[in-house]
Amino acid sequence: LGINKLGHSTQSKNSVDQNEKQRKEKHLDTVVQKNKSQKVVYIYSKELIQICDQMQKIPCRASMVHSLIEAYGLTRYMRVVEPREATEREVNAFHDLDYIEFLKKISNHDDSEKFEDEATHYGLSYDCPLQLGLHKYATMSSGATIVAAECLLQETCKVAINWCGGWHHAAKDHASGFCYINDIVLGILKLKEKYDRILYVDLDLHHGDGVEDAFSATSKVMTVSFHKYLTGFFPGTGSLEDIGIGKGQYYTVNVPLLDGIKDTEFTPLVCRILNKVKETFRPEVVVCQCGADGLAGDPMESFNLTHKGLGKCLYFLLQWNLPTLVLGGGGYNLSNTARCWAFLTALATGKQIPTEIPDHKYFIEYGPDYELEVYPGNRKNHNTAHYLRQVYGAVLNNISKICTEKC
Ligand SMILES: O=C(CCc1ccccc1NC(=O)c1cccc(C(F)(F)F)c1)NO
Ligand SMILES: [Zn+2]
């Protein structure tokens, strides 16, 4: 043992330093570990984006969304996780095998005309055009949602985002409303492996009928959809009277709205209703579909929302500090959709991002202002205060009938 002038054995001195060093490293490691677990998971791969870019009705939208998020430097504050294809077994947990087999069969034929009749039987026409690689697209976008759900199950994160998911119309045995495989249902089924009470919130312009139908008879999954409800507007379901069946009665909530609603009415309505849902249903995990086709400037020309209105709704949910799965959905003004989802991504990571759109591949799409903000239009708002009070009263009345105490 070396003896230094103070008579301490230098070995023990070194070992003290050594312990100090190890203790510091260990502490740092737990801090990093904690941050890692607190980091937002962002599902992304070049392949996923490249496949989703090919979707006819939203050409290159996946690339525009991802490029803006990357240009704002947000990916460095998130844990980027690669997706995988949903397995046949996972897809079959909800969808009928004959439908999925057919989808696979015709996705790789460019002479799909000869399957015309069968295709129509499975909803594969008009709203849900056949295109090459359709099956791969559907299994990749739903695999991405499943991987996001798995990250929440492993508790390696609090928030997991998949902007290539949110296809809420797909039914178990047919395609609908441009949705082929219902990634949201598959993600919820994955979460059900661990969580008992799951809350699904649908902020898209359209009623989340496919998800609602999948869980309308159970009290374990509560679906809450805010949407335009007007005779002749797709999908035509989601009225106030649509409250679930059997054990699921009152665990389906529908908030039917009219054209022109703005952030100032939408956000407080959403937050008050979700607050009541939190009190009575006491969810353990949240799935939020953030469809952007309700934004001002969308070709759907229906609602008059901005990214801030949707942002406040998501922020309200994130304050609950529950594991949260964040998904995309509709959104047909591609630059506004990218603006909105980049804003929501920044909000989820707790980072401020500047108004100026940063230079990047799609910069030109953000002209003439090149700003992040989506501004409300001045379209007429058909939602009178009286109408909103009626809807709110009916919805609160229904929610108050559920109880998750041992009652
Ligand atoms: O956004 C949807 C589905 C919208 C939909 C349902 C039924 C039939 C067709 C559609 N999609 C459109 O109408 C559509 C899709 C892409 C672009 C447009 C556009 F014409 F508005 F740009 C419209 N669900 O959240
Ligand atoms: Zn929609």
Side-chain angles (χ1 to χ4, degrees), residues 52-65 119-120 122-131 134 137-138 141-142 145 162-171 174-185 187 200-214 223-238 254-261 266 270 287-305 307 309-310 313 326-341 344 365 374 377 379:
C52 294
D53 275 349
Q54 288 159 27
M55 288 315 291
Q56 285 168 13
K57 297 210 171 183
I58 43 173
C60 277
R61 191 183 79 175
S63 275
M64 285 181 68
V65 172
T120 311
Y122 288 116
L124 293 164
S125 56
Y126 317 116
D127 314 340
C128 311
L130 289 181
Q131 56 178 86
L134 192 57
Y137 155 75
S141 57
S142 36
T145 296
N162 173 27
W163 293 125
C164 293
W167 306 110
H168 56 174
H169 296 308
H174 67 273
S176 170
F178 188 48
C179 305
Y180 301 87
I181 289 183
N182 200 313
D183 64 293
I184 308 171
V185 171
Y200 172 65
V201 179
D202 192 307
L203 301 176
D204 193 285
L205 174 68
H206 300 88
H207 175 226
D209 55 345
V211 186
E212 177 181 296
D213 293 346
T223 60
V224 185
S225 178
F226 303 84
H227 49 268
K228 173 172 172 176
Y229 183 74
L230 213 54
T231 315
F233 183 75
F234 184 89
T237 50
N254 281 298
V255 186
L257 299 167
L258 304 172
D259 275 342
I261 194 164
F266 185 79
V270 170
V287 179
C288 188
Q289 197 266 23
C290 305
D293 42 9
L295 292 178
D298 194 279
M300 288 289 169
E301 298 196 330
S302 298
F303 286 178
N304 197 6
L305 304 174
H307 60 299
L310 288 180
C313 297
V326 177
L327 301 170
Y332 307 107
N333 176 318
L334 305 187
S335 52
N336 276 1
T337 301
R339 285 181 165 99
C340 180
W341 291 350
L344 297 186
E365 302 293 331
V374 171
R379 208 151 9 81

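Since we're looking at a predicted model, the values are computed, not measured. As the structure lists them, so they are numbered: ligands from 1, and atoms in each ligand from 1. Just so you know, these numbers use all the heavy atoms, side chains as well, and skip hydrogens, waters and symmetry mates.
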Measure the spacing between CG of N336 and CG of L305 and express it to the nearest 0.5 Å. 11.5 Å

Given D53 and R61, is the salt bridge (Lys or Arg N to Asp or Glu O under 4.0 Å) satisfied, shown in steps? CA-CA 6 Å; D53 275 349; R61 191 183 79 175; over 6 Å; no

According to the interplanar angle, ranging from 0 to 90°, do the rings of H227 and H207 count as parallel (below 30°), tilted (30 to 60°) or perpendicular (above 60°)? tilted

Measuring from atom CZ of R339 to atom CG of L344, what distance do you get when rounded to the nearest 0.5 angstrom? 14.0 Å

Which residue owns the protein heavy atom closest to atom 15 (C) of ligand 1, what's the atom, and how far is it? K57 CD, 3.4 Å

Below 4.0 Å from ligand 1: does a non-hydrogen atom of F178 turn up there or not? no

Starting from atom 22 (F) of ligand 1, locate the nearest protein heavy atom and write down its residue, its atom name and how far away it is, to 0.1 Å. P299 CG, 3.4 Å

For M300, the ligand 1 atoms with a heavy-atom partner under 4.0 Å come out as 4 (C), 12 (C), 13 (O), 14 (C), 23 (C)

How wide is the angle at the Zn ion (ligand 2) between OD2 of D293 and OD1 of D204, to the nearest 10°? 110°

Do F266 and C313 come within less than 4.5 Å of each other through their side chains, counting heavy atoms only? yes

State whether any protein heavy atom lies less than 4.0 Å from atom 20 (F) of ligand 1. no

Using a 3.5 Å distance criterion without hydrogens, assess whether the side chain of D293 forms a donor-acceptor pair with backbone atoms of L205. yes

If I apply the N/O under 3.5 Å rule, does D127 come out as touching ligand 1? no

H168: numbered ligand 1 atoms lying under 4.0 Å from its heavy atoms: 24 (N), 25 (O)

Note: ligand 1 atoms sitting under 4.0 Å from heavy atoms of D293 are 1 (O), 2 (C), 25 (O)

Here the atoms of ligand 1 under 4.0 Å from any heavy atom belonging to D204 are 24 (N), 25 (O)

Atoms of ligand 1 close to G177 [distance to a heavy atom under 4.0 angstrom, numbered from 1]: 3 (C), 6 (C), 7 (C)

Roughly how far, to the nearest 0.5 Å, is the CG atom of D259 from the CZ atom of R379? 6.5 Å

Rounded to the nearest 0.5 Å, what's the gap from OH on Y332 to CG on L334? Could you check? 10.5 Å

Can T145 and N162 be counted as having a side-chain donor-acceptor contact under 3.5 angstrom? yes

How are the rings of Y180 and Y137 set relative to one another: parallel (under 30°), tilted (30 to 60°) or perpendicular (over 60°)? perpendicular

Can you list the atoms of ligand 1 that are under 4.0 Å from a heavy atom of F234? 6 (C), 7 (C)

Nearest-contact summary for atom 1 (O) of ligand 1 - protein heavy atom, Å: Y332 OH, 2.4 Å

Close-contact set for ligand 1 against H169 heavy atoms, below 4.0 Å: 2 (C), 3 (C), 24 (N), 25 (O)

Have a look at H206 and say which of its N, O or S atoms is nearest the Zn ion (ligand 2). ND1

Under 3.5 Å: N/O of Q289 near N/O of ligand 1: no

